[in-house]
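What you are looking at is a predicted structure, and each value in this text was computed from that prediction instead of being measured. Quick note on labels: first sequence line is chain A, next is B, and so on, each numbered from 1.
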Amino acid sequence: MTAMLRVIACGSVDDGKSTLIGRLLAHAGGATEEQLDHARRTRRGGSTIPAGAVDYSLLTDGLEAEHEQGITIDVAYLFLDLPSGRRVIIADAPGHEQYTRNMAVAASTADVAVLLVDAAKGVREQTRRHLAICALMGVRAVIAVVNKLDATGYDQAVFDRLASEAQAAAAGFDVAASVIPASALNGDNVVERSPNLPWYDGPTLLGALTAWEPPRPGSARDYRLPVQYVIRADGFRGLAGTVTGGPVRPGDTVAVAGGGATSTIDRVLGPGGHDLGQAGPGTPVTVTLADDVDVRRGDLLTTPGALGDGLSPATAYSATLVWTSEEPLRHGRSYLLLAGPRTVPATVTAVRGRMEVVSGRRLAARTLGLNDIGTVELTTDTPVSLDGYQACRDTGGFLLVDRVSKETVAAGMVRHALRRGRNVVPHAYTVDRDARQRLKGQRARVLWLTGLPGAGKSTIANALERRLHGMGLHTYVLDGDNVRSGLNKDLGFTPEDRAENVRRVAELARILLDAGLIVIVALVSPYRADRATARSLFQPGDFAEVWVDTPAEVCVRRDPKGLYAQAEAGRLPNMTGLGQVYEPPEHPDLVVDGSGSLDDVTDELCGLLDGMPAEP
Amino acid sequence: MAEEDVLDMLEAEAIHVLREVAGAFRRPVLLYSIGKDSSVLLHLAVKAFAPGRMPFPVLHVDTGWKFREMIAFRDETARRLGLDLRVHTNPEGATPFTHGAHEYTRIMKTVTLRRALDDSGFDAAIGGARRDEERSRAKERIFSLRQPGHRWDPRSQRPEFWWSANTELADGQTMRVFPLSNWTELDVWRYIRRESIPVVPLYFSAPRPVVERNGSLIMVDDERYPLSPGEQPRLRRVRFRTLGCYPLTAAVESKAETLDEVIDEMRLDRRSERAGRLIDGEGGASIESKKSEGYF
């Protein structure tokens with residue numbers, strides 16, 4: 001028997017969810033004497049509960065009251081101790097705001113869902129929404145409670161009809177459903193069997209929660225130990241992590257996914273450092289290896305066989321995202337992908353569609369907004385080993401995090417690795433950057449000039465290149481407009497297209513850097529996150545961000561390309577500085593005044609280049 | 001046995017969280033309040049990194065009004081475990097009698113804690129709070145984000161999917177981490193019994209000098225407690241369910257002198273644990289508003 005069962009409660013207050021949970025809480029000792037007293041004395045308007053009896057809905061009321069005061073309750077966790085000794089953790093998303101996101105959070109750790117169906121209303125759109133989100137997050141079983149049967153006179157025909165409707169709806173999402181007839185108000189079949197339902201011989205809700213067993217955990221094929229922390233003590237080096245697939249035993253041959261090294265597990269230590277014969281999923285362990293292999297936080301230990309079995313490192317994945325941020329998804333923008341202890345930069349390269357939750361239909365979409373669920377393709381900067389989510393939640397789920405605000409923008413579920421990613425293996429050429437720059441007698445670098453249109457970026461880039469060229473150095477300028485007339489002529493000026501524009505220019509700059517050149521980029525690049533993405537492609541010391549800080553009125557007055565005039569006339573809605581914001585750099589390597597003397601600015605930039613380290 | 005299995009799973013979850021903190025943050029610290037939850041937290045931190053050492057220092061915010069037995073226990077524990085213990089006390093020296101309970105708590109606990117965290121540049125602070133302590137804590141995250149100035153903003157809390165915490169911090173943000181989130185009071189006591197974890201003797205019944213104030217039994221722990229004219233502390237058999245500043249912590253009458261008796265008593269007693277905290281009162285929003293200011 002699983003000692004701890006995690007349950008998500010699905011249903012609205014109107015379905016009688018509070019009363020149902022309140023009854024379970026009171027029975028399992030989860031309510032204090034003060035709360036029971038309060039629930040005996042207090043009555044809501046219109047309540048039909050007799051005086052002196054407990055209004056069970058009031059036991060979870062702390063949460064509702066807060067909700068009414070405008071305090072956000074997204075997910076609340078309540079504990080029940082069943083008479084069998086089993087602990088049940090109920091995750092409840094009571095609010096209506098952010099409902100998809102909160103339900104997805106609650107479902108992400110749930111073993112089973114308790115789904116309320118109102119006998120008077122039947123299976124509704126909301127019921128299907130609950131089932132869809134549970135299925136998406138990997139909850140494969142529901143206990144459906146057909147509630148308020150008292151209002152139908154405990155009619156078996158009504159129950160039978162709703163039970164088959166509920167089961168059919170669940171089957172549509174590949175979820176198994178058992179169904180219980182109940183009245184939470186009268187206490188029928190919640191904790192105790194009811195004489196009002198003589199035609200039903202199945203378990204009560206409490207009985208079902210007591211007896212329910214999750215499917216058996218994964219086989220040895222799914223051997224997984226993500227390393228969280230390396231423990232060092234005198235002569236001791238142990239890899240600490242929680243087993244997600246096993247069992248893990250001394251003598252096991254393991255491979256480090258990503259690194260390619262293999263070794264043998266020498267000791268398996270449990271909490272407190274005691275030797276264990278084996279450790280199954282969910283056990284925190286510290287293992288030592290027989291060989292001195294370089295293993296760090298974020299590495300994944302698995303069986304060598306598993307690597308050929310779908311867990312080889314890949315740099316491209318198809319995944320489902322639940323978008324959790326007010327800021328919509330931006331194509332081409334680099335996010336951090338967090339999978340347990342692993343963190344890698346990742347970019348969404350394509351949105352394949354948005355899912356209409358209830359019907360499961362896929363709609364065309366270019367981006368994802370708050371509470372949207374969509375299918376995307378993404379690439380990671382370094383190879384990472386992720387499982388398919390439906391096979392393994394622990395190593396198939398990930399978070400996407402904004403690089404600047406550090407907000408969690410999405411939860412992701414891996415569908416599968418893309419072949420494309422696995423088949424691309426960078427080839428190491430003998431003539432490398434070092435050889436090329438030695439031949440040129442210089443050190444390659446990238447200077448990234450950002451600023452408003454008309455700030456003077458191109459003029460400064462031109463002056464700097466002339467100066468460097470005159471000194472016998474090999475240079476190249478990547479100018480925004482010039483690149484847009486060729487490589488990037490398919491891109492417009494929406495935030496998504498700007499992100500892609502920056503990404504391509506940064507990749508191109510990286511190639512030119514590898515060619516041994518001093519690269520000067522002159523690009524508006526208005527968004528901080530996009531510039532952070534660009535910077536992330538380079539080693540520190542190879543890249544410097546320069547803010548060409550020219551007062552806006554000077555830019556407008558200069559208007560060398562007539563853009564401000566057009567924008568004023570309403571013909572350029574996406575003009576930076578007018579229709580779109582310019583986000584100034586927070587920590588630029590250098591700020592130059594684009595309204596000052598060109599010679600001075602060029603001197604400053606040469607000084608910056610000289611000051612960059614001789615070796616990256 | 002299911003009860004033992006529940007403890008194993010709670011222990012596993014807490015150790016996982018503690019290791020994540022050690023791996024993901026630059027300068028984590030463990031907040032130690034000397035109470036039973038802190039004792040369990042400390043024990044788990046030792047177990048999580050054995051045979052290595054716990055990789056963070058331990059911080060105690062001392063208001064100057066803790067029970068004397070607590071301070072003695074703290075120093076003994078630090079010696080026994082070889083802790084890197086940092087004690088912070090606000091030199092302003094506010095008292096519950098001169099400033100009132102709320103202002104005193106704000107100055108001596110909340111402000112002092114914030115200052116102690118800032119001064120050392122701690123980016124993650126581990127605490128022993130549990131979700132079952134109070135209804136309003138039921139929604140608290142295990143990894144709870146604090147904005148610059150330690151402000152708790154319920155709207156900016158990050159969604160917690162799976163066991164995958166987003167441990168990234170933007171400028172000025174810090175993290176509070178609660179590895180015991182899913183433990184109940186009874187779990188804490190059962191674990192203390194199973195693991196033989198030492199706790200402050202005040203949790204067990206003994207004859208102690210108490211006075212009655214607004215229906216609460218207050219132990220007169222030293223001569224600083226202002227007695228009314230003619231008032232005499234009387235010896236009564238009491239114990240404490242939670243420990244804090246002695247003038248603000250109510251005792252309960254009890255005969256439970258051993259761990260087994262404490263656990264038996266708790267099974268029958270359905271009163272809220274925090275009922276003994278005089279500063280919590282005033283409805284559910286009380287902890288909430290203190291938290292917004294940076295209280296634990």
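A donor-acceptor pair under 3.5 Å is absent between the side-chain atoms of A/Arg86 and the main chain of A/Leu5, judged by distance alone.
Heavy atoms closer than 4.5 Å to chain B are found nowhere in A/Val230, neither backbone nor side chain. Heavy atoms closer than 4.5 Å to chain B are found in the side chain of A/Phe79, but not in its backbone. Contacts of A/Thr408 with chain B are made by both backbone and side-chain atoms, with heavy-atom separations under 4.5 Å. Residue contact with chain B, scored on non-hydrogen atoms closer than 4.5 Å, is absent for A/Val409. Using a 4.5 Å cut-off between heavy atoms, A/Asp402 makes no contact with chain B at all. Of the atoms belonging to A/Ala104, heavy atoms from both backbone and side chain fall under 4.5 Å from chain B. Neither the backbone nor the side chain of A/Arg296 comes within contact range of chain B, judged by heavy atoms closer than 4.5 Å. With a threshold of 4.5 angstrom between heavy atoms, A/Arg87 approaches chain B through its backbone and through its side chain. For A/Thr343, the part lying near chain B is the side chain, with the backbone staying farther off; criterion is any non-hydrogen pair under 4.5 Å.
Under the 4.0 Å criterion applied to side-chain N and carboxylate O atoms, A/Arg267 and A/Asp275 are assigned as salt-bridge partners. Using a 4.0 Å cut-off between a side-chain N of Lys or Arg and a carboxylate O of Asp or Glu, B/Arg239 and B/Glu253 do not qualify as a salt bridge. Note on B/Lys255 versus B/Glu265: no salt bridge recorded, every NZ/NE/NH1/NH2 to OD/OE distance being 4.0 Å or above. Electrostatic pairing of B/Arg194 and B/Asp8 counts as a salt bridge here, judged by a charged N lying under 4.0 Å from a carboxylate O. Salt-bridge check for A/Glu586 with A/Arg528: passed, with a basic side-chain N closer than 4.0 Å to an acidic carboxylate O. Taking a cutoff of 4.0 Å between a charged side-chain nitrogen and a carboxylate oxygen, A/Glu407 and B/Arg158 do not qualify as a salt bridge. Electrostatic pairing of B/Arg130 and B/Asp37 counts as a salt bridge here, judged by a charged N lying under 4.0 Å from a carboxylate O.
Of the listed residues (B/Arg53, B/Gln173, B/Glu20), the one with the most heavy-atom contacts under 4.5 Å to chain A is B/Glu20. Of the listed residues (B/Leu169, B/Asn182, B/Val46), the greatest number of heavy-atom pairs within a distance under 4.5 Å of chain A belongs to B/Asn182. Interface check for chain B: of the options A/Gly397, A/Gly298, A/Gly238, the most heavy-atom pairs under 4.5 Å are formed by A/Gly397. Interface remark: of the candidates A/Ala233, A/Gly85, A/Gly273, A/Gly272, A/Gly272 forms the most heavy-atom pairs closer than 4.5 Å to chain B. Chain A forms the most heavy-atom pairs under 4.5 Å with one residue out of B/Gly52, B/Gly23, B/Ala24, and that residue is B/Gly23. Contacts with chain A were tallied for B/Arg19, B/Lys47, B/Glu11, B/Glu168; B/Arg19 has the most, counting heavy-atom pairs under 4.5 Å. Contact count against chain A (heavy-atom pairs under 4.5 Å) is highest for B/Pro159 among B/Pro159, B/Ala165, B/Ala48, B/Pro55.
A perpendicular orientation is assigned to the rings of B/Phe49 and A/Tyr229, their planes being inclined by more than 60° (bins at 30° and 60°).
B/Val40 places a side-chain heavy atom less than 4.5 Å from the side chain of B/Ile192.
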